[in-house]
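Throughout, numbering of the chain's residues begins at 1 and tracks the sequence.
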Amino acid sequence: MIAKGRDPSHLFPAVVKNVVSKNIEVKKLVYVYLVRYAEEQQDLALLSISTFQRALKDPNQLIRASALRVLSSIRVPVIAPIVMLAIKESAADMSPYVRKTAAHSIPKLYSLDPEQKDELVAVIEKLLMDKATLVIGSAVMAFEQVCPERTDLIHKNYRKLCNLIVDVEEWGQVLILNMLTRYARTQFVDPNTKQPVPEKEFYEEEEEDEATDEPTRPRSLDADHRLLLRNAKPLLQSRNSAVVMAVAQLYYHLAPKNEVGTVARPLLRLVRSQREIQSVVLTTIASMSVKRKDMFEPHFKSFFIHTVDPLPVKLMKLDILTNLAGESNISLLLREFQVYIASQDSKFVAATIQAIGRCASNIKEVTSTCLAGLVALLSNKDEAIVAESVVVIKNLLQSQSADQEAIITKMIKLIDHVIVPVARASILWLIGEYCDKVAKYGPDVLRQMAKSFTNEEDLVKLQIVNLAAKLFVTNPKQTTLLCQYVLNLAKYDISYDIRDRARLIRNILFPSENIKAIKNPKKIFLAPKPAPVLESKYKDRDTFQLGSLSHFLNIRANGYRDLPDFPEVAPDSTVRNVEPPSRPTSVNAERVSVSYAQEEKSKRKPTFYSSSSEEEEVDGEESKSETSETVTESDSEMSELQSEPDQDLDKKSISIQEKTAGKTADSTEDSDSSESETSSESEEDEIRPKAAQGTTSPPSAQTTKSNLDLLLDFDGDVKPSICGQ
């Protein structure tokens, strides 16, 4: 019913009863239904809370995770404390899948009850320390949504995140890369700035080749900074386009200039993918090519346009080609643009003409060539091409002083055939701006425009009024009456913009008695104007983080956070140091330490007649030395056993066991003698039989056994002697 768009909310009580079903598929359907309609039926939804609490302790990890997911998705503020307890328990669960679900539940609870932030931050800190790659990505997601300003939580986990990022799932890799980009911008200095060279000592020889006005050198990267770049580089080979884009933006914002080119080929690989991905990748490349065109300049042929490309992709590729235009490849690009002009798509042709104008404006060597080609397009039959050519020529003439009269004269002849308002307005603006060079054509053009004034668009009417004012200032004898006629027409126009413009110009040129006349109106209407700068529309998009929604739309999206600036001085890097775990000792060292501890424990047993602490320390040192001697002797004898033939193994092993037993007896007798000095005679009688028993040789030494049994018995006999038992 839900899939068909029907409202099954009236079935809520009947569906809730099935929450206790043992069938997992039925439980999943009930969980989906509860998440959808629990907010509308809050009273009935509370009846199933106890079932979810029992499910949190189910042996099946899928049921535990599903119960927590549904419990956190129920938008009922009353159960916020219950959800908080469930998240804490699940964060310590043995299953990584349940811990991942706990991380996903944290933002839901935070949006439901922001007062739980302190407790949730503690859970996030615990999850960030998790070593499971399944949990790390979700923990970073919870960190970004709940407490992104708490960079202190990342300090201890920074190196772990860098090392594990290759093993994390693709969705988590994107989150971690974006988070580490922001973190690195606050913890490391700009790698593209240079640091001053330390001053040389007084007696140090100066090298003439290195003598400069301001001695500087490239800044060396921090070890942690280099760790991030090195571990993120393999992700450029990922099959997921979002991961490649995340690495590309990380290198663009953090890497030195000589290393940013590493991301060029992976991005070009994404350009050949689906159309949706193409538009995002090309937007990123267009922003990169504005300031760092050397990255893609060797690959500019990869951006040549295909006929099957959609119009948005064509326009972005044109912009990128224009950004990559230089003296070395401009001739090839212009030949490519000539092919594009023959296209049937008028919008694409207009964009190509604009690209030619940008190339002519940026590269002065080809300005005259491009201008001649644009003038040739004025005779094209397509009105859109002619109109766009007029607009581009108008912009170029302001920066090109040669052949202005001939070009404007040719454009004047086309004014009757050009219908596009923007093109007609551009021609009128050129005539008025350069009226001194085309003085014999100006009055005739104004007379023609006055006849069709009422039928023109508002944009054209404004330029007709301006043309009348400029011609009156330069040639008042021929244009005074014509100028007054145009101003009278504009005075009664429908548009208030045109009426206001006419009123202003009339008061300047024909002031009344109450208004003071302006002495030199020519400085107002014919003042020198700066040449327009033709720039890419992607120039200012680098203010946003590459790959973000705000960057793609060029508008600040809801929830976007600005990328922080690099600090001038790097913060303390020791905050990222983590104490390494203690190394495990060798097996022999553990045996000796255990035996020594047992000796000390046996000697320090409380007795009525006990020796002083100093005597106990001396005895401990003596027994330790004896033990070490016994170990060395047994090791040497063992090596001899391995080198001797098999026929002498029996005799050798028996002699070694006798020596070991003798050493044990001697050490026992020494300890007994030290105790006898401070104990009573009755205790001596009890201790000596025990020592005598310790001196007896083991029965295994008296019987004949195989070589393997002897070696096993030898190991078993040596250990008691080492432990001093």
So, the side chain of N507 versus the backbone of R503: is there a donor-acceptor pair under 3.5 Å, distance only? yes
Can a donor-acceptor pair be found, under 3.5 Å and without considering hydrogens, that links the side chain of S238 to the backbone of V244? no
Let me confirm one number: the CE-CG distance from M411 to L430, rounded to the nearest 0.5 Å. 5.0 Å
Contact list for residues 445-483, test ring-ring contact (aromatic ring centres under 6.0 Å, His included), sequence neighbours left out: F472-F510
Could you give me the CA-CA distance, side-chain angles and deciding distance for H551 and S287, then say whether side chain to side chain donor-acceptor pair (under 3.5 Å) is met? CA-CA 9 Å; H551 174 264; S287 298; 2.7 Å; yes
Salt bridge (charged side-chain N to carboxylate O under 4.0 Å, His left out) assessment of K470 paired with E433: CA-CA 8 Å; K470 293 176 181 178; E433 188 69 19; 3.4 Å; yes
Between the OG atom in S289 and the CE atom in M295, the distance rounded to the nearest 0.5 Å is 9.0 Å
All heavy atoms of N488 vs all of R506, minimum pair found to be OD1-NH2, 2.7 Å
State plainly whether the residues E170 and R239 are in salt-bridge range, i.e. N to O under 4.0 Å. yes
Applying side chain to side chain donor-acceptor pair (under 3.5 Å), run through S273 and Q278 and close with a yes or a no. CA-CA 6 Å; S273 56; Q278 273 186 340; over 6 Å; no
Can a donor-acceptor pair be found, under 3.5 Å and without considering hydrogens, that links the side chain of R185 to the backbone of H253? yes
Stacked cation flag R556 on F544, 6.0 angstrom / 45 deg: no
For V168, does its backbone N or O pair with a side-chain atom of Q173 as donor and acceptor, under 3.5 Å? yes
Flag, side chain of H225 to backbone of L254, donor-acceptor distance under 3.5 Å: yes
Check whether Q249 reaches the backbone of A246 with its side chain - one donor and one acceptor, N or O, closer than 3.5 Å. yes
Please walk me through it: do K523 and N520 pass side-chain contact (heavy atoms from CB on, under 4.5 Å)? CA-CA 6 Å; K523 293 183 178 180; N520 196 354; 3.3 Å; yes
For E149, look at atom CD and say whether over 12 heavy atoms of other residues, nucleotides or ligands are found less than 6.0 Å away. yes
Where do C359 and A325 come nearest, in terms of heavy atoms and distance? SG-CB, 4.0 Å
L471 backbone acceptor or donor facing N475 side chain under 3.5 Å: no
Please determine, by modelled atom types, if R182 and Q545 share a side-chain donor-acceptor pair under 3.5 angstrom. yes
May I ask you to check whether over 12 heavy atoms, not counting those of R275, lie within 6.0 Å of atom CZ? no
Treating D444 as the side-chain partner and Y441 as the backbone partner, does any N or O pair qualify as donor plus acceptor under 3.5 Å? no
Side chain to side chain contact (heavy atoms under 4.5 Å, CB included) partner of K233, chosen from T262, L250, L228: T262
Between the main-chain N or O of F348 and the side-chain N or O of Y340, is there a donor-acceptor pair closer than 3.5 Å? no
With rounding to the nearest 0.5 Å, note down the distance linking NZ in K291 to OG in S536. 12.0 Å
Does atom CD (E365) have a neighbourhood of more than 12 heavy atoms from anything else shown, all under 6.0 Å? yes
Quick one: pull up CG in L371 and CD1 in I407 and give me the separation to the nearest 0.5 Å. 4.0 Å
For the salt bridge (charged side-chain N to carboxylate O under 4.0 Å, His left out) test, which of R501, K461, R499 pairs with D493? K461
Checking salt bridge (charged side-chain N to carboxylate O under 4.0 Å, His left out) between D319 and each of R358, K537, R541, which is the one that passes? R358
Is there a donor-acceptor pair closer than 3.5 Å between any side-chain N or O of N192 and the backbone N or O of K257? yes
With rounding to the nearest 0.5 Å, note down the distance linking CG in L374 to OG1 in T369. 11.0 Å
Could you tell me the separation between the CZ atom of R561 and the CG atom of N178, rounded to the nearest 0.5 Å? 9.5 Å
